[in-house]
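Letters A, B, ... mirror the listed sequences (proteins, then strands); counts begin at 1. Only heavy atoms go into these numbers, but all of them, side chains included; no hydrogens, no water, no symmetry mates.
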There are 2 protein chains.
Amino acid sequence: MSTIGKALSLLDTLSRLDKEAGLTDIANLCALDKATARRFLVELEKHGFVEQDPDTRRYRVGSAPVRLARVREARFPFLRIAMPFLQALAGSSTETVHLSELSGGRLSTIHVEDSSWAHRIIVEVGSLLPFHATASGLAFLAFCPKAEIEAFLAKPLEKFTDHTIVDPDLLRGMLEETAARGFSISHQGLEAGVISTAAPVCAPDGRPIGCVAIAAPLSRTTKTAIHEFGVQAVATANAISEKYYGSEKPMGTSTKSRRTD
Amino acid sequence: MSTIGKALSLLDTLSRLDKEAGLTDIANLCALDKATARRFLVELEKHGFVEQDPDTRRYRVGSAPVRLARVREARFPFLRIAMPFLQALAGSSTETVHLSELSGGRLSTIHVEDSSWAHRIIVEVGSLLPFHATASGLAFLAFCPKAEIEAFLAKPLEKFTDHTIVDPDLLRGMLEETAARGFSISHQGLEAGVISTAAPVCAPDGRPIGCVAIAAPLSRTTKTAIHEFGVQAVATANAISEKYYGSEKPMGTSTKSRRTD
DNA sequence: CGCTTATGGTTCATTATTTGAACCACAGCT
DNA sequence: AGCTGTGGTTCAAATAATGAACCATAAGCG
């Protein structure tokens with residue numbers, strides 16, 4: 001792997017820790033030599049991507065990403081555009097609505113509109129969504145090129161609950177079903193007692209960039225209700241996509257897009 | 001310079017452009033070979049720090065920094081903590097209040113509370129504040145170790161207006177004055193007709209991490225008023241620092257801090 | 001129509017950077 | 001004192017980065 005890749009992986013690892021970390025820990029976690037880890041950290045620190053506490057000498061994520069994130073949001077205000085749609089969906093469904101985005105090959109939650117029920121599903125902003133075990137992941141994957149689906153299914157899949165589906169053939173079937181009807185359903189895939197549905201927000205070339213999902217307690221959700229939620233999620237995802245790309249790219253169907261599937 | 005440094009500089013350059021950029025442009029701007037620039041971009045893209053538009057093939061800042069920024073803010077919610085203090089200061093001063101933070105060796109604006117006057121100073125979130133030509137820059141520098149001040153004064157300084165002070169000796173005097181009274185005053189240093197004052201928000205070890213500043217039209221601001229603003233900025237900066245560090249680190253004066261001045 | 005000149009993207013021998021075992025310094029502990 | 005765990009540094013050896021020259025494609029133009 002390139003040096004840049006290793007340094008960015010270190011940054012990623014550091015960002016996933018639940019607290020500031022020392023040099024030795026970081027080196028071990030990243031399978032890097034102490035000296036190498038240090039050089040990376042120093043270099044990252046120069047550019048503000050990490051910072052070291054002067055007292056404890058431990059490292060944490062720096063403030064450079066905050067500036068970059070502002071730039072990104074200024075030109076590409078995905079969340080800002082999506083927010084009102086999510087709020088509307090949360091209002092009409094009365095269940096927890098969350099939005100995810102692909103970042104560095106993973107799907108992570110970028111916004112949550114909480115349900116107003118006392119008994120509700122809690123989703124943390126920033127939490128990662130496994131592709132095979134969440135409605136969002138399935139919806140995302142279902143609209144990816146076939147080659148990528150197969151590449152994903154070839155890897156070992158973690159079983160989070162008794163209901164988590166890890167069989168590639170079963171998953172293939174679910175993905176086809178999801179692609180056909182436009183939304184996915186995850187029945188207790190990540191956590192017991194939770195059912196959820198999701199639809200992808202796609203770029204004009206058809207590639208998903210994230211997902212709109214509704215999560216509800218299994219106990220109060222009928223099969224009819226979850227399907228209705230799915231339809232609503234699709235409508236919301238499409239509305240976000242249209243608003244997001246609509247103004248910048250007048251032509252929705254590019255003839256020169258080079259899909260590989 | 002290290003490969004990592006070069007790649008992060010590329011990212012920085014890309015983020016400063018006002019639109020998406022092509023490979024050749026990026027390579028030229030960063031003084032890199034086309035092949036090298038491309039390898040960096042591919043590597044950065046793998047980790048979500050840049051993304052390439054599939055149609056135009058141009059590059060823009062990706063979504064990885066957004067995730068990192070969330071992590072950073074979750075553990076280190078500088079802005080969230082500062083916000084109410086800034087709002088209070090904006091209310092009492094009736095002028096534009098802005099907060100800056102050091103990021104990658106530069107001071108950049110991270111929040112602005114606009115004045116409610118029609119005739120007011122506009123500061124953009126994200127704008128960079130030169131150390132020698134802004135109240136924030138001077139306030140920041142004045143509380144840095146002497147060695148860093150000298151290193152900075154040794155570099156050539158840009159003259160933004162007729163009033164910008166670029167003479168190292170004069171600046172040294174102003175910095176001493178600033179350090180003595182706790183706040184800086186910039187008289188049309190960056191833009192004509194604007195007077196501003198700033199105070200640093202310092203970490204427990206005494207190092208500044210950012211600045212609180214008040215900017216007002218010169219025409220309605222007396223010498224007495226700007227001094228009063230300065231005193232208020234100091235109070236606000238100290239309050240933010242206390243709130244920010246107070247709960248985590250009970251002891252304010254660390255004996256093992258290793259200052260170099 | 002073919003020529004020119006842009007663009008993005010790729011290759012591979014040369015070269016410079018990265019690497020890591022061993023090292024030092026310091027702090028806390030027995 | 002000695003031990004053990006930190007963070008941090010060094011320099012010869014190994015490896016990864018580099019860039020001139022290359023290809024492919026598309027747009028502009030006489």
Worksheet item: In terms of side-chain heavy atoms, does B:R39 have a donor or acceptor partner in A:S2 at a distance below 3.5 Å?
Response: no

Worksheet, complete the sentence: Heavy-atom nearest pair, A:T134 first then A:G137, reads OG1-N, 2.9 Å

Discussion item. For A:A237 versus A:P200, what's the shortest heavy-atom pair and its separation?
Written reply: CB-O, 3.4 Å

Item to complete: Using whole Å, report how far CD of A:E43 lies from P of C:dT19.
Response: 11 Å

Worksheet item: Can A:S127 and A:T109 be counted as having a side-chain donor-acceptor contact under 3.5 angstrom?
Response: yes

Discussion item. Please encode protein proximity along nucleotides 3-10 of chain C as a string of B, S and -, counting only heavy-atom distances under 4.0 Å.
Written reply: ----SBBB

Item to complete: Check whether NZ of the Lys or CZ of the Arg B:R181 lies under 6.0 Å from the centre of the six-membered ring of B:F183 and within 45 degrees of that ring's axis.
Response: yes

Worksheet item: Is the phosphate of D:dA17, meaning OP1 or OP2, less than 4.0 Å from a side-chain N or O of B:T36?
Response: no

Response to the item:
To the nearest angstrom, the CZ-C1' distance between B:R39 and C:dC12 comes to 11 Å

Discussion item. Could you check whether B:H132 and B:F160 have their ring centres less than 6.0 Å apart?
Written reply: yes

Discussion item. In this structure, how many angstroms lie between the P atom of C:dT17 and the CZ atom of B:F40, rounded?
Written reply: 11 Å

Discussion item. Closer than 3.5 angstrom, by distance alone: can the side chain of B:T36 be matched with the main-chain N or O of B:L32 as a donor-acceptor pair?
Written reply: no

Fill in: Contacts of type side-chain contact (heavy atoms from CB on, under 4.5 Å), residue A:I81, not counting sequence neighbours
A:P77, A:K243, A:Y244

Worksheet item: Which ones in residues 2-12 of chain A lie close to DNA chain D, meaning a heavy atom under 4.0 Å from one of its atoms?
Response: A:S2, A:T3

